Amino acid sequence: MALVPVAEALERLLEGAAPLAGEEVPLLEAVDRVLAEPVIALRTQPPFNASAMDGYAVRAADVASVPSRLSVIGMAPAGRGFDGTVGKAQAVRIFTGAPLPDGADTIVIQENVRDLGGGDIEVTEPTAEWRNIRRVGLDFSKGDVLLEKGRVLDPAALSLVASANHPQVNVVKRPLVAIVATGDELLPPGSELGPDQIISSNAYGVAAAAQSVGARALDLGIAADRKEAIAALVQKAVAAGADVIVTLGGASVGDHDLIHDVLTGEGMQLGFWKIAMRPGKPLMFGRLGDIRCIGLPGNPVASLVCSQLFLKPLLARLGGREHRQDIRPARLGAAMPANDLRQDYVRAVVRDDHGALVATPFGIQDSSMLRMLADANGLVVRAPFAPASAAGEACSVLMLR
């Protein structure tokens, strides 16, 4: 099978991907979730003309000129309005959020009032009509569309949903990613290693990549290099309702690379296998019914670079999110050799030099070196057959953080 260009692979992987169905969740569980439908106001806010300040509810005509002596006839705390009517030369003591009493049309703030004793006050500053009052419907009215479908629910949006009297909200289901690592040589962190064994680290980075775009990650553990062991974990992923199955390692063409055979044996329709990129050439994609299957390379750097380029955009789309790679213009901080037929993603340190980005690639680009990837904050993107480049020449950088 010929190597598939990166752009074509991504297009084929995303083909037909659409946001998952919605689900109702309580507001406290809805932070950073994506709206599956618009939010409609169930009430008007504020539902009445409300005082915006602590002070006195009066008639504007009585305080147009000062000093003005008024008689206090009652009180209106928040949550309990004054039942009577404010007449000429009268006032009601009022607090922020309380309904404006009948007859009153302005609020004199308490700093502009002097207590004369005996239930009388003196207003020392004139106050115009409708000052310090939040008019009914100032924020929104019943039936208004407050938030559109696709909005990510940040703190302000969640508060708005609550104020519209919604105790729960309809959000896009979070995609479930089942992660299956393979390899007799792998053991989980904290294990006592034998002379031929290594720590399984890829699942943690892939899970973090999935969670960074709102997906859920289900780590199904490590399968031995036997078809029946791998098939058992794939079947667990299907039973768990996974939207995406990610396998780690075993997607190449060696004698012990079994993922392709197992997945096709379970009914997967292969989409493509092997990408014209470095690192990450042995990436595989297929469909197992409605489940999308991505076979990531076993090398840690390749696995994480492929997660950035392919897994995150897929999960974002399934979760109803927009996801764009952060690619910026820069200039090289060191010379680079000519490239071959594969698109190259070169780990680099990117710094700001007086408003311009400078990307300096690491001298070693081995796809097993996680420390280098952790130190990198960008990937220099090299097109296939790009000629040798000198330091200072223009380049494109995919920012990682």
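We're numbering straight along the sequence, starting at 1. Predicted, not measured: the structure shown is a model, and the values here were computed from it.
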Would you find a donor on one side and an acceptor on the other, under 3.5 Å apart, between the side chain of [X] and the backbone of [Y]?
{"X": "Arg174", "Y": "Gly214", "value": "yes"}
{"X": "Asn299", "Y": "Val301", "value": "no"}
{"X": "Asn339", "Y": "Ala383", "value": "yes"}
{"X": "Asp219", "Y": "Gly221", "value": "yes"}
{"X": "Ser141", "Y": "Thr44", "value": "no"}
{"X": "His166", "Y": "Leu27", "value": "no"}

Side-chain touch [X]/[Y], heavy atoms, less than 4.5 angstrom:
{"X": "Ile199", "Y": "Leu193", "value": "yes"}
{"X": "Leu160", "Y": "Ser163", "value": "yes"}
{"X": "Met399", "Y": "Arg328", "value": "yes"}
{"X": "Arg292", "Y": "Ile245", "value": "no"}
{"X": "Pro38", "Y": "Leu147", "value": "no"}

Between the side chains of [Y] and [X], is the shortest nitrogen-to-carboxylate-oxygen separation below 4.0 Å, so that they form an ion pair?
{"X": "Arg321", "Y": "Asp32", "answer": "yes"}
{"X": "Asp62", "Y": "Lys88", "answer": "no"}
{"X": "Asp105", "Y": "Arg59", "answer": "no"}
{"X": "Asp353", "Y": "Arg331", "answer": "yes"}

ring-ring contact (aromatic ring centres under 6.0 Å, His included) partners for Phe310, two or more places apart: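 Phe310: no ring-ring contact (aromatic ring centres under 6.0 Å, His included) contacts found.
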Taking all heavy atoms of [X] and all of [Y], pick out the closest pair and write down the distance.
{"X": "Glu192", "Y": "Gln197", "value": "O-OE1, 4.4 Å"}
{"X": "Phe48", "Y": "Gly97", "value": "CE1-O, 3.6 Å"}
{"X": "Lys173", "Y": "Glu23", "value": "CG-CD, 3.7 Å"}
{"X": "Cys293", "Y": "Leu288", "value": "SG-CB, 3.8 Å"}
{"X": "Ala217", "Y": "Ala207", "value": "CB-CB, 3.7 Å"}
{"X": "His323", "Y": "Val213", "value": "ND1-CG1, 4.1 Å"}

[Y] versus [X], side-chain donor and acceptor atoms under 3.5 Å:
{"X": "Gln365", "Y": "Arg347", "answer": "yes"}
{"X": "Ser389", "Y": "Arg382", "answer": "yes"}
{"X": "Gln308", "Y": "Gln325", "answer": "yes"}
{"X": "Glu24", "Y": "Asn170", "answer": "yes"}

Evaluation steps, salt bridge (charged side-chain N to carboxylate O under 4.0 Å, His left out), between Glu37 and Lys149: CA-CA 4 Å; Glu37 60 183 27; Lys149 176 181 177 180; over 6 Å; no
Got a sec, which residues hit side-chain contact (heavy atoms from CB on, under 4.5 Å) with Asn49, two or more places apart in sequence or on another chain?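 By the side-chain contact (heavy atoms from CB on, under 4.5 Å) rule, Asn49 matches Leu100, Trp130, Ile133, Arg135, Val136.
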In chain order, what residues pass the salt bridge (charged side-chain N to carboxylate O under 4.0 Å, His left out) check against Glu393, with sequence neighbours excluded?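 Checked Glu393 against salt bridge (charged side-chain N to carboxylate O under 4.0 Å, His left out); zero matches.
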Only one of Val246, Asn202, Ile179 passes side-chain contact (heavy atoms from CB on, under 4.5 Å) with Leu296; say which it is.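 Filter result, single survivor: Val246.
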With a cut-off of under 6.0 Å to the ring centre and 45° to the axis, is Arg93 in cation-pi contact with Tyr56?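 Yes; both conditions hold, so Arg93 lies above the ring face of Tyr56.
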